[in-house]
Student: 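The structure under discussion is supplied below as C-alpha cells; questions concerning it will follow.
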Amino acid sequence: MKLHEHEAKEVFAKAGIPVPRSFLALDAAAASQAATTIGFPCVLKSQVLMGGRGKAGLIRLVKDAPAAQEAALELFASPHGVHKLLVEEAVAIEREIYLSITVDPVAAEAVVLACAQGGVEIEELAATAPEKIFRESVSLSEGFLPFRARNLCMSLGLSGDLAKQAAAILDALWKCFRANDAELVEINPLFVTKSGTLIAGDGKLLIDDSSLFRQAGREAGRDYYDSDAAFEAAKEGIPYLQFDGDISLMCAGAGLTTVVYDLIVDEGGTVANYLEFGGPNYRKAVRAMELCLKNDPKVILIVTFGTIARADVMAEGITDAIARLKPKCPIIPCIRGTGEDKAVEMLRAAGLEPLFDTEEAVRKAVALAKGGYR
Amino acid sequence: MKLHEHEAKEVFAKAGIPVPRSFLALDAAAASQAATTIGFPCVLKSQVLMGGRGKAGLIRLVKDAPAAQEAALELFASPHGVHKLLVEEAVAIEREIYLSITVDPVAAEAVVLACAQGGVEIEELAATAPEKIFRESVSLSEGFLPFRARNLCMSLGLSGDLAKQAAAILDALWKCFRANDAELVEINPLFVTKSGTLIAGDGKLLIDDSSLFRQAGREAGRDYYDSDAAFEAAKEGIPYLQFDGDISLMCAGAGLTTVVYDLIVDEGGTVANYLEFGGPNYRKAVRAMELCLKNDPKVILIVTFGTIARADVMAEGITDAIARLKPKCPIIPCIRGTGEDKAVEMLRAAGLEPLFDTEEAVRKAVALAKGGYR
Amino acid sequence: MSVFIDRDDTILIQGITGSEGSFWTRHMIELGTTVVVGVTPGKEGQSVEGIPVYHSVRRAVAAHPANAAMIFVPPRFTKDAVFEALDSGIRKIVTIAEGIPLHECLEIRAAARDRGARVVGGNTSGVISPGRAMMGMFPYWIERVYKPGRIGIMTRSGSLTNEVTAMVVAAGFGVSSLIGVGGDSVPGTRFAELLPDFQADTGTDAVVIIGELGGTMEEEVAEAMEARRFNKPLVAFLGGRNAPKGRRMGHAGAIVTGGKGTVEGKTATLRKAGALVAARPREVGSLLFELLGRNPGSKA
Amino acid sequence: MSVFIDRDDTILIQGITGSEGSFWTRHMIELGTTVVVGVTPGKEGQSVEGIPVYHSVRRAVAAHPANAAMIFVPPRFTKDAVFEALDSGIRKIVTIAEGIPLHECLEIRAAARDRGARVVGGNTSGVISPGRAMMGMFPYWIERVYKPGRIGIMTRSGSLTNEVTAMVVAAGFGVSSLIGVGGDSVPGTRFAELLPDFQADTGTDAVVIIGELGGTMEEEVAEAMEARRFNKPLVAFLGGRNAPKGRRMGHAGAIVTGGKGTVEGKTATLRKAGALVAARPREVGSLLFELLGRNPGSKA
C-alpha cells in the first residue's frame with residue numbers, strides 16, 4: 001500500500017522529521033484559503049499516487065491568492081483524478097538531498113541509501129552515476145546504529161549541525177520504516193534550506209501489503225485504486241488490474257495468469273483485466289466473474305492448473321456463476337489439475353467446451369475477440 | 001536500582017500484567033482508609049527493599065477495620081524503616097507460579113525462568129530441585145518469540161485460557177525487562193486465582209545502574225538507601241556501603257577496596273564504611289573524607305594503586321581534605337602508582353607517614369583501632 | 001540421489017492438524033516421504049494419518065528426531081514456526097504460506113543464513129522429488145506433470161510450474177527434483193543457492209528455471225554460470241515479458257522498478273551466460289531436447 | 001610470543017582525540033605497540049602523537065589497515081563503537097569504559113561471538129604484554145609491577161591487579177601477558193576463553209587469575225582444568241572473601257545471590273581442579289615459587 005504524500009509526511013512528522021507547514025484541501029475554495037493562511041509563495045501539490053507529478057504539472061508554485069485559486073481549480077479538474085491538494089509553505093532551498101530505506105532480498109537486510117543530489121530519480125542515477133549513491137546495509141536484528149548514520153552524513157559531505165540534523169532524520173526514518181512495515185520510505189528531496197536546516201520536501205511510504213493486518217487504521221480507500229473494479233476486487237482480496245482491452249482473464253496462480261497475459265499480447269490480443277481467483281479465492285468464482293463482466297469483455301478466458309485449488313471446485317464455481325450471471329460473451333475454460341475429470345464433465349454439462357492446452361486456449365480467445373463477437 | 005514493590009507493579013500494570021487493586025498509604029490513617037475502600041480481607045505490605053518481608057512480619061493480612069489500623073500503626077513503627085504501605089485486595093488463590101527474566105553472562109542472552117511452584121526462593125529451589133525450574137534462553141537481537149512462551153506454559157502444565165493469559169504476561173514481562181534495562185524482572189508469586197485468572201502477587205524490578213541515564217524519571221531517593229551517608233555518596237557517584245565498625249575505608253578501585261575489607265576482617269578489625277574514591281572520583285577526596293568522618297571512625301585507611309587516578313593528584317586531594325576538615329582520627333595512607341614519589345613528598349609534608357605495603361597498612365590500621373585511640 | 005529431500009530425510013510437520021496440514025501429510029506419506037512427527041500447540045496426544053502430534057517442536061523432536069520441517073501455518077505465524085524449528089536444530093525447512101510480512105521474510109532468511117540452515121519459501125508449493133519424497137503440495141498423482149526423471153526444476157510460481165513441467169514431460173523427460181523457491185520478494189532460498197546441489201546431483205542432467213519479471217534471481221543464476229560454478233545445460237522460462245511497467249502484476253516479487261528486473265534484461269543476461277530461454281511453456285520441452293540431444297527416458 | 005596482542009598487531013584507536021585517548025596513545029606507542037590510525041568523528045585530518053585521525057573506522061582502515069581496535073569512548077557510546085569496529089572486519093577489540101548498559105554488554109558479547117571476534121572489557125584497564133605491546137591504560141613504567149616475564153595474568157580488577165602483580169614481580173617473576181577481562185557482570189571475554197591462548201603461549205609458564213566473588217568465571221576456569229583443556233600451573237587470588245552477603249560490593253559483577261558465587265565456593269572448586277588459591281596478595285608470589293620450583297628470572 002502506497003501512502004499519499006500527505007499521509008507519509010504525517011508519519012514522518014510524528015517521528016520527528018521536519019516537514020513544511022501545510023494544510024490538506026478537499027476543494028479549490030479550501031485550497032485558496034489554506035494558501036492565504038500559509039502565505040505566499042506556497043505550493044499546491046496534487047495528492048495522487050502516480051510518479052512524476054512535477055513533470056505532469058500536478059505541483060504548482062503560486063505567488064498570490066488569485067494564482068492559488070486558479071491553480072487549485074485547474075488541478076482539481078485534471079484528468080488524473082485529483083481529489084486532495086496539499087497546500088504547503090514554499091521553502092527557501094539551498095540544495096537537495098536524497099534519503100531512502102528499502103530491503104535487500106539477497107543480503108536479507110535493509111538498505112539505507114543517501115545521495116547528495118536530491119530530487120532526481122534514484123534509479124536513473126544508479127544507472128548513470130552509481131558512485132554518487134551511498135549505502136549502509138542494516139540487519140533488522142541489529143538495528144540502525146549511530147555509526148551508520150555518521151558514515152552516510154560524512155559521505156554526503158555534511159558536518160557540524162547539519163550532520164546532526166541528518167543523523168536524527170535518518171534515525172527517525174529508520175523507525176518509520178520498521179514501525180510501518182515499510183517496503184520503502186523515501187525523502188526525495190530532503191531540502192537543505194538557506195537558513196541551514198533540513199526539511200522533508202516530499203515523502204514516500206510503501207507499506208508491505210502482507211503486514212497491513214497489523215498496521216492499525218491503514219486501509220486503502222477508493223483513491224488508492226485506478227478503477228472501481230480494482231477497488232472492489234481489493235476488498236474481496238482478489239488480485240486485479242484494470243486494462244482496456246477485449247479479453248477478461250479469470251485465472252488461477254500469479255505466475256500462470258501473468259504468462260496468459262504475455263501470450264495474449266504475443267498473439268496480438270488485448271486484455272480487459274488481470275484477475276486471479278486461485279489460491280485462497282478459488283471459491284469466489286461468482287464474484288470474480290461479476291468483476292470481469294463489468295468490463296463488458298469480448299471473451300472471458302479461464303486458465304488454471306491447480307494444486308490446492310481443485311479443478312472440480314473451480315468448475316463448479318464457474319458453472320454456478322454462469323447460471324447466476326448469464327454472461328453474453330463466450331467463455332473459454334482451460335481447467336487442469338486435481339479433479340480435472342470431474343471438472344470437464346461439469347463444464348460440458350454447462351455447455352462449455354473445455355480445453356487442456358493454454359496456448360490453444362489463448363489463441364482461441366484472441367480469435368474470438370478479434371472476430372468481433374456480439 | 002531496585003524498585004519498590006508498588007513501583008514494579010505500576011510498571012507491570014502499564015505493560016498489561018494484571019495486578020491486585022491497591023492504594024499506596026503514607027501513614028496509618030491513610031492505610032486504614034484505603035483498607036476500608038478496598039474491603040476486607042486485604043493485605044498491608046510494607047514498601048521496603050529488604051527480602052523476606054513475609055518472614056519479617058512486614059506483610060499483614062487483615063480482616064476488618066480495627067485490625068487494619070492496628071497493623072498499620074505497628075508496621076509504620078517497625079525498626080525496618082517503613083515509610084509506605086501498599087494496601088492491596090486479598091486474592092482468592094488456587095496456586096502460585098514463579099516467573100522471572102534475568103541475564104546469562106556466559107551465553108550473552110536473557111533467560112526466562114518459570115516454575116509451577118511460586119512463592120519460594122528460586123535459588124533454594126535451584127539448589128534442591130533444579131528440574132522444577134524451566135528456562136528459555138532469549139537472544140536480545142531475536143527477541144522473545146511466542147513459541148518460547150508456549151514452551152514455558154506447557155512445562156508449567158498450563159493449557160487453554162490460562163496458557164493464553166500466561167503467554168501474554170510473559171510477553172509483557174519481556175517488554176518490561178527490555179524497556180526498563182532490567183537486571184531482573186520477577187513475579188513471585190504469580191497467583192492462579194480460584195476464578196481461573198492470573199494476577200501478579202508481588203513484583204520485583206532491578207534496573208541496571210549503568211542504564212539509569214536513559215530511564216527517564218528513575219532516581220533513587222533516600223528510601224533506597226540504608227543510611228544518609230550512603231544516599232549522599234550515591235548522589236556524588238561515590239560507591240559507598242555503610243557498616244558499623246571502626247575503620248573508614250577511603251580506597252581506590254573496587255577490587256582493591258574489597259580486598260582491603262577482606263584483610264581488615266582477617267586481622268580482626270571492623271569496618272565503618274566501604275568507600276571508593278578512585279576512578280572518575282579521584283578528585284573528590286574532600287567529599288569522600290567528609291563522608292568517612294560522619295561515621296566517627298577510629299582510623300581512616302587510604303589504599304590506592306592507581307592507573308588513571310594519579311597518586312600525586314590523590315595525595316593532593318587528601319592533604320587538602322585534611323587541611324579543611326581537620327580530622328581528629330589518625331590517617332594511614334598507602335598510595336602507590338603513577339606520580340608516587342611526588343605523592344610521598346606531599347603526604348610527608350602534611351605530617352602523614354606514607355606506607356607502601358597494603359598488608360602492613362591494614363595491620364597498622366587494625367592495631368590503631370584496637371588500641372583505642374582518642 | 002536428489003536435491004534438498006530424499007526418502008532418508010525425517011520430516012516434522014508444523015500445523016499438522018489443520019485441514020491443509022493433514023491433507024498434505026497424507027499425500028507426503030503416500031508418495032514415500034518419511035514423515036515422523038507433527039506439531040500443533042495444544043493438540044499433543046492426537047495423531048494424524050498415524051503420525052503422533054506434540055505441543056511443540058522441542059517435545060516432538062525429543063521423541064522423534066527429525067532433520068526437516070514442513071510448515072503449514074498461516075503467514076503471520078510463520079516466522080515463529082521457522083524460528084521454533086531452527087531452535088530445535090532443524091536446518092531444512094519448507095514454508096508454504098503466502099503473505100508472510102516482508103520484514104519477517106528478511107528475518108527468516110537472515111536467521112537461516114546465520115545458522116547454516118535452508119528455508120524454502122514462503123508462498124510456494126514446496127519441494128518434490130517425484131517418486132521419492134515431497135515436502136509441499138503438489139498434485140504428484142497427475143502423471144503428465146510429475147513423472148520421475150532427470151530434469152531439475154526451480155520455480156518462483158505454483159500453477160505455472162504445473163504448466164511448464166507438463167511440457168517437460170510431454171517432451172519425453174521427467175523431473176529429478178523440483179524446488180519452488182516461491183513468489184515472495186524475499187524468499188528464504190534463491191535459485192543460485194540451489195545450483196551447487198543440482199550441479200552435484202548425479203540424477204540431474206539439466207535444469208529448468210521458471211522465473212519471472214522483478215528481482216535479480218535469474219541474473220544470479222547467469223552469474224553462477226558465467227563463473228562456471230554451474231555448467232549443466234539450463235533452460236529458462238520467464239513470465240511477465242509483456243507486463244506493464246511499474247505495476248505489480250502477480251507475485252509480490254514481480255515488479256519492475258527503475259528499469260531493473262525486466263524479462264528482456266533477464267533473457268539477455270541468461271543467454272549471454274549460455275542458458276537457453278524459452279518464449280513459451282511448450283518451447284521448454286523442445287529446447288531441452290535440443291540441448292540434451294536425446295530423450296533420456298523417464299527413469300531417474 | 002604473547003597472548004592477544006603483540007608488536008605485529010596493527011592498532012586503531014577509537015576516541016583518539018579525547019584526553020584519555022591521546023594520553024594512552026602516547027604510552028602505547030612508547031611501549032612499542034604498533035598504533036596505525038585513530039578515529040574521532042568530525043576530526044578527520046588532525047593527528048595525535050603522529051597518528052592520523054579519521055571520521056570513521058571504515059575510512060580509517062581503508063587508509064591504514066588495522067586488525068585491532070582500542071576503544072576510548074564513554075560507556076553509552078561503546079556499543080556503537082564496538083559494532084563499528086566489527087563492521088569494518090576488526091576482530092580484536094579492547095574497550096575500557098566503565099558503566100556500559102547491561103543489555104548492551106549482552107549485545108556486544110553476542111555480536112563478538114557471532115562474528116568470531118574477541119572483545120575484552122569493558123570496565124578494564126585493558127591488555128598488556130610488558131616490553132612488547134599494550135592496548136589499555138597500565139602504568140607500565142612502574143617496573144616493580146610491569147616487569148616482562150613468563151607469568152600470564154587474567155584479572156577482573158584494576159588497582160588490585162597492580163597490587164597482586166607487584167607481588168608476582170617481588171617474588172622474582174615477570175609478566176608474559178596480562179589481560180583485564182574487566183569488572184562488569186557481562187564482560188566481553190571470560191577467563192576460560194583465554195586459557196587456550198595461555199596454554200599455547202610458549203612464553204607463559206604459569207597463569208595467575210585475579211578473581212572475586214560473584215559470577216562463575218572462576219568456576220569455568222576450574223572446569224577447563226578438570227577437562228584438561230588447560231594444564232599449566234595456575235594460582236588464583238580472589239577478592240571479597242569477607243564481603244557481606246546479598247550486598248553489591250565493588251564491581252557490578254561482584255555480588256553473591258542465592259548462595260552462588262561465594263569466594264569459599266570458588267576456592268574449593270579451583271582447588272579441586274588443581275589450582276592453588278592464595279589467601280593474600282603476597283601469597284601469590286610464594287605459591288608461584290612453590291609451583292614452578294625455581295625462579296625463572298625476568299626475561300621472557
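Nothing here was measured: the structure is a model prediction, and the numbers come from that model. Convention: sequence-line order gives letters A, B, ...; per-chain numbering from 1.
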Student: Can you tell which part of A:Asp104 gets under 4.5 Å to a heavy atom of chain C, answering side chain, backbone, both or neither?
Tutor: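 The answer is the backbone of A:Asp104.
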Student: Decide whether a cation-pi geometry holds between A:Lys175 and A:Phe177; the criteria are a distance under 6.0 Å from NZ or CZ to the six-membered ring centre and an angle within 45° of the ring axis.
Tutor: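 Not satisfied by the 6.0 Å and 45° rule.
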Student: Using a 4.5 angstrom heavy-atom cutoff, name the option from A:Val303, A:Leu140, A:Val260, A:Ile122 with the most pairs to chain C.
Tutor: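 Top option by heavy-atom pairs under 4.5 Å: A:Leu140.
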Student: Using non-hydrogen atoms only, which part of C:Met217 is less than 4.5 Å away from chain A: side chain, backbone, both, or neither?
Tutor: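 Neither part.
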Student: Could you tell me which portion of A:Glu183 (side chain, backbone, both or neither) has an atom closer than 4.5 angstrom to a non-hydrogen atom of chain C?
Tutor: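 Both backbone and side chain.
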Student: Please classify the contact of C:Arg109 with chain A as side chain, backbone, both or neither, using a heavy-atom distance under 4.5 Å.
Tutor: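 It is both, since atoms from each part get that close.
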Student: Between A:Arg148 and A:Glu136, does any side-chain N to carboxylate O distance fall below 4.0 Å?
Tutor: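 Looking at A:Arg148 and A:Glu136, the cut-off is met.
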Student: Is the NZ or CZ atom of C:Arg76 both under 6.0 Å from the centre of the six-membered ring of A:Phe213 and within 45° of that ring's axis?
Tutor: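 C:Arg76 over A:Phe213 ring: yes.
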Student: Which bit of C:Arg156 is near chain A, if near means a heavy-atom gap under 4.5 Å: side chain, backbone, both or neither?
Tutor: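 For C:Arg156, neither part sits under 4.5 Å from chain A.
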Student: With side chain to side chain donor-acceptor pair (under 3.5 Å) as the criterion, how do A:Asn295 and A:Gln242 come out once you've worked through the C-alpha distance, each side chain's angles and the decisive distance to 0.1 Å?
Tutor: CA-CA 9 Å; A:Asn295 295 316; A:Gln242 185 67 57; 2.9 Å; yes
Student: Which bit of A:Arg214 comes within less than 4.5 Å of chain C, counting heavy atoms only: side chain, backbone, both or neither?
Tutor: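 Contact with chain C is through the side chain of A:Arg214 alone.
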Student: Relative to chain A, which segment of C:Glu193 carries a heavy atom at a distance below 4.5 Å: side chain, backbone, both, or neither?
Tutor: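 For C:Glu193, no heavy atom lies under 4.5 Å from chain A.
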Student: C:Ile100 versus chain A, heavy atoms under 4.5 Å apart: side chain, backbone, both or neither?
Tutor: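 Backbone only.
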Student: Heavy-atom cut-off 4.5 Å, strictly under: side chain, backbone, both or neither for C:Ala166 against chain A?
Tutor: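 Contact with chain A involves the side chain of C:Ala166 alone.
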Student: Does any backbone or side-chain atom of C:Thr216 lie under 4.5 Å from a heavy atom of chain A? Answer side chain, backbone, both or neither.
Tutor: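 The answer is the side chain of C:Thr216.
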Student: Name the region of C:Glu163, side chain, backbone, both or neither, that has any atom closer than 4.5 Å to a heavy atom of chain A.
Tutor: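 Its backbone and side chain both get close to chain A.
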Student: With a 4.5 angstrom heavy-atom cut-off, which part of A:Val271 approaches chain C: side chain, backbone, both or neither?
Tutor: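 It is neither, since no heavy atom gets under 4.5 Å.
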Student: Taking all atoms of both residues into account, what is the closest heavy-atom pair of A:Leu249 and A:Thr257, and its distance?
Tutor: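 Closest approach of A:Leu249 to A:Thr257, heavy atoms only: CD1-O, 4.0 Å.
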Student: Chain A heavy atoms under 4.5 Å from C:Val164: which part of the residue, side chain, backbone, both or neither?
Tutor: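 No part of C:Val164 comes within 4.5 Å of chain A.
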Student: Select one option (side chain, backbone, both, neither) describing which atoms of C:Ser159 are under 4.5 Å from chain A's heavy atoms.
Tutor: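 The answer is both parts of C:Ser159.
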